[in-house]
Amino acid sequence: MSPVIMLVVGTRPEAIKLAPVARALQAQGLLPHIVLTGQHSQLDPSAYGLAAHRFTRLQCPATGDPRVHAEAVANAIASLLRGAGRPGLLIVQGDTSSALGGALAATAAGVPLAHVEAGLRSHDLALPWPEEGNRVAIDRLSQLLFAATSDNAANLSAEGVTGEVHVTGNTAIDALFDVVSSLPPGSDGPGLPRLLVTCHRRENWGAAFTPIGLALIDLARFAWLRIEIVLHSNPAMAAAARLLLGGNPRIRLLQPMDHRAMVGAMRSAHILLSDSGGIQEEAPALGIPLLVLRSTTERPEGIATGNTLLVGNERGEIVHHVRRLLEDERAYRAMAVPAFPFGDGKAAPRIAALCRQWLTRQQTAEQALIA
Ligand SMILES: CC(=O)N[C@@H]1[C@@H](OP(=O)(O)OP(=O)(O)OC[C@H]2O[C@@H](n3ccc(=O)[nH]c3=O)[C@H](O)[C@@H]2O)O[C@H](CO)[C@@H](O)[C@@H]1O
């Protein structure tokens, strides 16, 4: 019987980034077992190709305190691991409380742990919170660490992690390429310049969203600028956006969309304004300038290639940087050259091959012990 590989999925980005890994593991003759934690309760596995695999749904919806949620996920997965079909490897992705819960459960059960998107660091435990602390802890516990970039691997080496580190690229680019190859050619044409916005990070919740919203209202005075904000499944963020922007005829509020529609929307945008981690990886590959609504990032590679720029969440700064890109053709073009610092779209097959090799080595070592 081929080894079972358990993959923990709690949120939309984890589904997007682990679906290519599940497919690649299957191609290696391994058996993916998707564990849906319920952190994003509306997550539909079939929307990401995950329903093709064996999957188990846990009832661990996100809670106000991510530490409480991580513990709930850890307990739920621990009981799974005590049951039949103990996996040869448990894989988590990124930095959510679902990922941390999976890592804690695997470690407690003595199940080997692999981390996809290992080594991302803002080097500030308070920002983003709790993600920076989650990913440091997960990396400390992992036997296999799949770093997207050499910068990420250097972070791991500096921390003296004990697991095996491999630079593989980020599977976000695998997923992006899959989607782009399925989209009709070209975008919806030049049209009016489109500013596409997403905003969901904890540090931009509540009152912190106000300056961002006011900046969009300021920018909406340019009648020739089409502004669209894609709402997030997080009810707090959607409510804040509706309250501040809902009545503005020049700002369209869009419902969360599936990944294919989102990539299509990003590809036809003139400028992206977002606090998203995944969009920081996708924008350079799409060649769409991205202004990041954060004061720090664990993805400095996109800044180094000139595709992304940190603008924070101050009203004046946001307006200034959007206007600069709209009015300064040279500045715009400098940010609009496609670049691939986060990978070549082949990260998932690399990760799957490395998992296969690691399992084979483990089996050989165990047999040698018995012999
Ligand atoms: C601190 C931090 O940065 N943490 C990140 C956070 O993920 P995130 O910030 O990337 O989260 P989002 O922005 O929600 O997702 C983005 C993806 O969703 C697609 N999208 C967007 C809107 C929509 O309507 N439909 C869509 O399909 C979009 O194209 C993109 O691919 O947690 C992940 C898991 O641990 C981490 O990996 C990741 O570091």
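Order of listing sets the numbers, starting from 1, for every ligand and every atom in it. All values derive from a computational prediction rather than experimental measurement.
Taking each of Arg135, Met257, His259 in turn, the one with a heavy atom nearest to atom 25 (N) of ligand 1 proves to be Met257. Here atom 12 (P) of ligand 1 lies nearest to His200 when heavy atoms of His200, Glu14, Arg260 are compared. When the heavy-atom distances from atom 13 (O) of ligand 1 to Ala261, Ser276, Gly277 are ranked, the shortest goes to Ser276. Nearest to atom 19 (C) of ligand 1 by heavy-atom distance, out of Ile16, Leu127, Ile138, Leu254, is Ile16. Nearest residue to atom 2 (C) of ligand 1 from Glu132, His40, Gln280, Arg294 is Arg294 (criterion: closest heavy atom).
Heavy-atom contacts of Gly278 reach the following atoms of ligand 1: 8 (P), 10 (O) (cutoff under 4.0 Å). Ligand 1 places these atoms under 4.0 Å from at least one heavy atom of Thr96: 34 (C), 35 (O). Under a 4.0 Å criterion applied to the non-hydrogen atoms of Met266, ligand 1 contributes the atoms 29 (O).
At the top of the distance list for atom 32 (O) of ligand 1, counting protein heavy atoms only, stands Asp95 OD1, 3.4 Å.
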Using a 3.5 Å cut-off and no angle test, enumerate the donor-acceptor pairs between side-chain atoms of residues 240-257 and protein atoms at least two apart in sequence or in another chain.
unit_1, atom_1, unit_2, atom_2, d
Asn248, OD1, Arg250, N, 2.7
Arg250, NE, Ala220, O, 3.2
Arg252, NH1, Glu228, OE2, 2.6

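In this pair, His232 and His40 present their aromatic rings perpendicular. The plane angle is above 60°, beyond the 30 to 60° band. By the 30° and 60° cut-offs, the orientation of the rings of Phe177 relative to Phe340 is perpendicular.
Judged by the shortest distance from any of its heavy atoms, Gln255 lies outside the 4.0 Å radius around the atoms of ligand 1.
Checking each of Ile288, Leu272, Val230 against Met266 for a side chain to side chain contact (heavy atoms under 4.5 Å, CB included) leaves exactly one that passes, namely Leu272.
Using a 4.0 Å cut-off between charged side-chain N and carboxylate O, Glu132 and Arg135 make a salt bridge.
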